[in-house]
Novice: 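First, the structure itself, so that you have it in front of you.
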There are 2 protein chains.
Amino acid sequence: MATEPRPLTLRDVSEASGVSEMTVSRVLRNRGDVSEATRTKVLEAAKALGYVPNKIAGALASQRVNLVAVIIPSLRNMVFPEVMSGISRELEETDLQPVVGVTDYMPEKEEKVLYEMLSWRPSGVIIAGLEHSDASRAMLKASGIPVVEIMDTDGTPVDCAVGISHRRAGRMMGRAILKAGYHQIGFMGTKMPLDHRARKRFEGFTEVLAKEGVEIMDREFYSGGSALAKGREMTAAMLERTPELDFLYYSNDMIGAGGLLHVLDQGIDVPGRIGLAGFNGVELLDGLPRRLATMDACRTEIGRRAARIIASRVADPDAPVESVVELTPTIDFGDTLERS
Amino acid sequence: MATEPRPLTLRDVSEASGVSEMTVSRVLRNRGDVSEATRTKVLEAAKALGYVPNKIAGALASQRVNLVAVIIPSLRNMVFPEVMSGISRELEETDLQPVVGVTDYMPEKEEKVLYEMLSWRPSGVIIAGLEHSDASRAMLKASGIPVVEIMDTDGTPVDCAVGISHRRAGRMMGRAILKAGYHQIGFMGTKMPLDHRARKRFEGFTEVLAKEGVEIMDREFYSGGSALAKGREMTAAMLERTPELDFLYYSNDMIGAGGLLHVLDQGIDVPGRIGLAGFNGVELLDGLPRRLATMDACRTEIGRRAARIIASRVADPDAPVESVVELTPTIDFGDTLERS
DNA sequence: GTGAAAGCGCTAACAC
DNA sequence: GTGTTAGCGCTTTCAC
């Protein structure tokens with residue numbers, strides 16, 4: 001028996017069941033009234049044949065696509081899988097489905113991915129960040145579908161935004177550190193042109209220090225490689241170079257954890273001699289010898305809220321919308337930010 | 001000026017440029033010969049209008065969809081983002097695009113996700129594991145598109161498979177441990193009904209030990225929570241319970257790292273008094289105080305090879321195919337597997 | 001409760 | 001090099 005290369009169509013189910021295509025379609029979509037008898041006939045035929053509906057044709061005919069485009073910089077940074085899981089969980093309540101596109105932090109790739117996704121005419125877009133190329137912003141505006149920019153609220157959204165203010169987060173951490181009595185502060189993070197949110201945190205941070213007449217004493221930026229190892233290396237180098245430092249602020253928890261491991265290895269008193277803090281509240285790191293001070297960026301919640309906005313606007317295009325939802329991150333002092 | 005709610009169509013571009021729809025379509029797809037003059041006219045009109053083609057209509061008309069469905073258990077386990085990046089990098093050479101579906105390790109959800117994705121008529125499927133429900137296998141078979149089952153080669157693929165033999169991996173590690181002189185062995189891992197590959201490694205592992213008359217002395221399984229913290233807790237509990245253990249084999253690197261941190265904290269001599277090994281070669285952990293012995297599961301390579309198979313079969317349906325590509329993992333002894 | 005006709009926006013195939 | 005025609009497989013609309 002040769003395999004049938006042609007995929008099955010509604011017509012095949014119609015013929016197999018002796019019911020019109022139209023009614024078969026109704027049964028398969030649970031739409032309109034269909035008698036129990038024909039309903040079973042149709043479902044049996046469909047199952048027996050192994051029919052899988054063709055959403056392409058369905059979408060074209062109905063002008064509706066139950067997909068939500070989610071555009072994020074990376075899947076390897078744990079932050080985004082967490083946002084994704086918030087989105088998925090929320091969309092599971094609806095008949096919408098998330099589809100992920102990854103930009104690798106590159107504006108040109110973002111543009112390309114966005115174009116590709118929009119060409120499938122999704123019901124909505126969730127996209128990380130507020131910084132996009134002009135072309136990307138134009139596409140988003142012209143798409144006519146709900147767009148939620150996530151993670152960040154420092155800027156003007158195309159449509160609406162859900163996130164935290166990274167500038168504010170930087171300020172909060174700066175204040176907490178000063179208040180604990182640290183003044184000789186070093187900073188380590190990713191190369192920032194790539195990462196607007198890290199940049200904004202840094203700006204908020206230095207702003208608060210400046211107000212108290214404190215300046216960052218040393219700084220170092222990295223890109224690529226294992227973050228844990230990088231954190232170790234950079235920390236070792238920085239303490240060598242600037243031994244008087246009494247606090248190290250890291251732009252993410254992974255390098256912070258690397259730094260923490262180095263400092264503990266050296267037998268340095270934490271947080272007495274040196275305090276440390278990171279950013280993101282990575283659960284992954286819960287088993288470390290000490291809990292790194294950090295700040296929760298509300299990742300899952302951001303995903304949920306963004307998805308909820310899309311869902312409500314799909315259900316009712318005139319639903320009222322807050323254009324910016326700013327969540328409030330909280331500092332977790334852990335074991336590395338308190339003068340003994 | 002009211003915003004136009006209707007998305008633009010080819011016809012709009014055609015009218016704006018004074019060129020027939022067909023020729024506009026040709027320009028936009030770079031197909032067939034079009035004079036330079038009309039080409040520019042069309043491109044200008046399209047750009048000016050902000051036209052984004054409708055792939056749904058295109059796919060329906062051409063019966064071709066340049067999507068590859070990638071179905072994986074989770075995005076939060078670093079293994080899968082790594083596989084994804086292998087897939088993406090390979091597909092970037094083609095005009096195919098990956099689309100991810102997540103099953104949360106649940107067969108019923110796998111079935112649902114698979115059905116949803118197949119209903120978009122993708123050009124191929126890459127799916128994790130060889131264990132699927134009958135319905136899922138039936139769908140895959142009936143789809144008539146190339147299907148690559150990844151990660152695992154211990155079993156019979158629907159179409160073809162790329163991965164490693166986890167049974168063999170378990171055996172390799174078992175042999176290495178015995179050869180190093182350890183005999184009092186404890187095992188920690190995920191609850192296995194969820195995780196076939198971990199189960200197979202465990203089976204291979206115990207099989208080799210049994211041959212030498214060695215039996216696992218203690219074992220513990222977990223699910224959920226921070227793996228690092230779990231590894232710590234389980235290790236503490238197990239060493240308390242069974243202090244004579246001289247080796248701890250973990251089903252993944254994260255819990256292994258937790259165990260390692262605990263053991264080092266206790267000032268236990270590693271690998272003299274106790275050896276440890278994990279599985280997966282997680283780069284993330286590179287900055288730990290000691291490098292955990294582990295085994296590379298060839299994740300990126302698996303992604304690349306799988307994508308390459310799909311791409312070649314899309315280009316030529318009769319392309320020759322090896323039905324099973326078994327890659328060979330290598331043991332990395334790190335600093336935790338060698339008798340001093 | 002069910003069916004027939006028209007068409008969603010694009011492309012294949014062919015004509016010119 | 002460019003245009004015309006006929007569908008892709010569904011759903012909408014309306015008639016029965």
Side-chain angles (χ1 to χ4, degrees), chain A residues 4-43 45-46 49-66 95 116 118-123 143-144, chain B residues 4-43 45-46 49-66 95 116 118-123 143-144:
Chain A
E4 182 69 356
R6 181 181 57 79
L8 296 163
T9 69
L10 259 190
R11 160 173 249 114
D12 296 309
V13 182
S14 165
E15 281 169 3
S17 62
V19 177
S20 79
E21 281 188 48
M22 197 49 240
T23 302
V24 171
S25 166
R26 278 196 270 256
V27 171
L28 265 22
R29 285 177 300 142
N30 288 311
R31 280 269 191 302
D33 292 323
V34 180
S35 75
E36 204 40 60
T38 43
R39 154 173 241 84
T40 20
K41 245 197 305 190
V42 168
L43 289 177
L49 293 173
Y51 172 69
V52 176
N54 185 330
K55 287 218 180 189
I56 297 174
L60 183 61
S62 67
Q63 305 281 65
R64 268 183 280 104
V65 179
N66 67 338
D95 65 346
E116 290 290 326
L118 287 179
S119 69
W120 287 101
R121 300 285 188 267
S123 294
S143 70
Chain B
E4 181 68 357
R6 181 181 57 79
L8 297 162
T9 69
L10 256 191
R11 160 173 250 114
D12 296 307
V13 182
S14 165
E15 282 168 4
S17 62
V19 177
S20 78
E21 282 189 47
M22 195 54 235
T23 302
V24 172
S25 165
R26 279 195 270 253
V27 171
L28 265 23
R29 286 177 299 143
N30 290 310
R31 280 267 191 300
D33 293 323
V34 180
S35 75
E36 204 39 61
T38 43
R39 154 174 243 85
T40 19
K41 246 197 304 191
V42 168
L43 289 176
L49 294 172
Y51 172 69
V52 176
N54 185 328
K55 286 218 181 189
I56 297 174
L60 184 61
S62 67
Q63 305 282 65
R64 267 182 281 105
V65 179
N66 67 337
D95 64 348
E116 290 291 326
L118 287 180
S119 70
W120 287 102
R121 302 286 188 268
S123 293
S143 70

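Predicted model, so just to flag it, every value in this text is computed and none were measured. Letters go in sequence order (proteins before strands), and every chain restarts at 1.
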Novice: Rounding to a whole Å, what distance do you find between A:Glu15:CD and D:dG9:P?
Specialist: 13 Å
Novice: So do the side chains of A:Val27 and A:Thr38 get within less than 4.5 Å of each other, counting heavy atoms only?
Specialist: no
Novice: Are B:Leu10 and B:Leu28 packed together at the side-chain level, in the sense that at least one heavy-atom pair is separated by less than 4.5 angstrom?
Specialist: yes
Novice: Can you name the nearest heavy-atom pair linking B:Leu49 to B:Leu8, along with the distance?
Specialist: O-CD1, 3.2 Å
Novice: CG of A:Asp12 versus P of D:dG9: gap in Å, rounded?
Specialist: 9 Å
Novice: Taking only N and O in the side chain of A:Arg26, is any of them less than 4.0 Å away from OP1 or OP2 of C:dG1?
Specialist: no
Novice: Heavy-atom nearest nucleotide on DNA chain D for B:Thr23 versus A:Arg29: which residue maps closer to 5'?
Specialist: B:Thr23
Novice: Starting from P on C:dT2, measure out to CD on A:Glu21 and report it in whole angstrom.
Specialist: 16 Å
Novice: Using atom CH2 of B:Trp120 as one end and atom C1' of D:dG9 as the other, report the distance to the nearest whole Å.
Specialist: 13 Å
Novice: Do any side-chain nitrogens or oxygens of A:Ser25 fall under 4.0 Å of OP1 or OP2 in D:dC10?
Specialist: no
Novice: With heavy-atom distances below 4.5 Å as the criterion, would you say the side chains of A:Glu116 and B:Lys55 are in contact?
Specialist: yes
Novice: In residues 53-64 of chain B, what residues come within less than 4.0 Å of DNA chain D, judged by heavy atoms?
Specialist: B:Leu60, B:Ala61, B:Gln63
Novice: Hey, what do you get for CG (A:Asp33) to OG1 (A:Thr23), rounding to the nearest 0.5 Å?
Specialist: 11.5 Å
Novice: Whole Å only: how far is the CZ atom of A:Arg31 from the C1' atom of D:dT13?
Specialist: 15 Å
Novice: Which listed nucleotide (C:dG1, D:dT2, D:dT11) is nearest to the side chain of A:Asp33?
Specialist: C:dG1
Novice: Look up atom CG in A:Asn54 and atom CH2 in B:Trp120, then write down how far apart they are to the nearest 0.5 Å.
Specialist: 9.0 Å
Novice: Figure out the CG/C1' separation between B:Leu8 and C:dC10, and round it to whole Å.
Specialist: 15 Å
Novice: Check whether any side-chain N or O of A:Ser35 sits under 4.0 Å from OP1 or OP2 of C:dG1, and answer yes or no.
Specialist: no
Novice: OP1, OP2 of C:dC10 versus side-chain N and O of B:Tyr51: anything below 4.0 Å?
Specialist: yes
Novice: Roughly how many Å is it from CE in A:Met22 to P in D:dC16, rounded to a whole number?
Specialist: 17 Å
Novice: To the nearest angstrom, how far is A:Leu10 atom CG from D:dG7 atom C1'?
Specialist: 16 Å
Novice: Taking everything shown except B:Arg11 itself, do over 12 heavy atoms lie less than 6.0 Å from its CZ?
Specialist: no
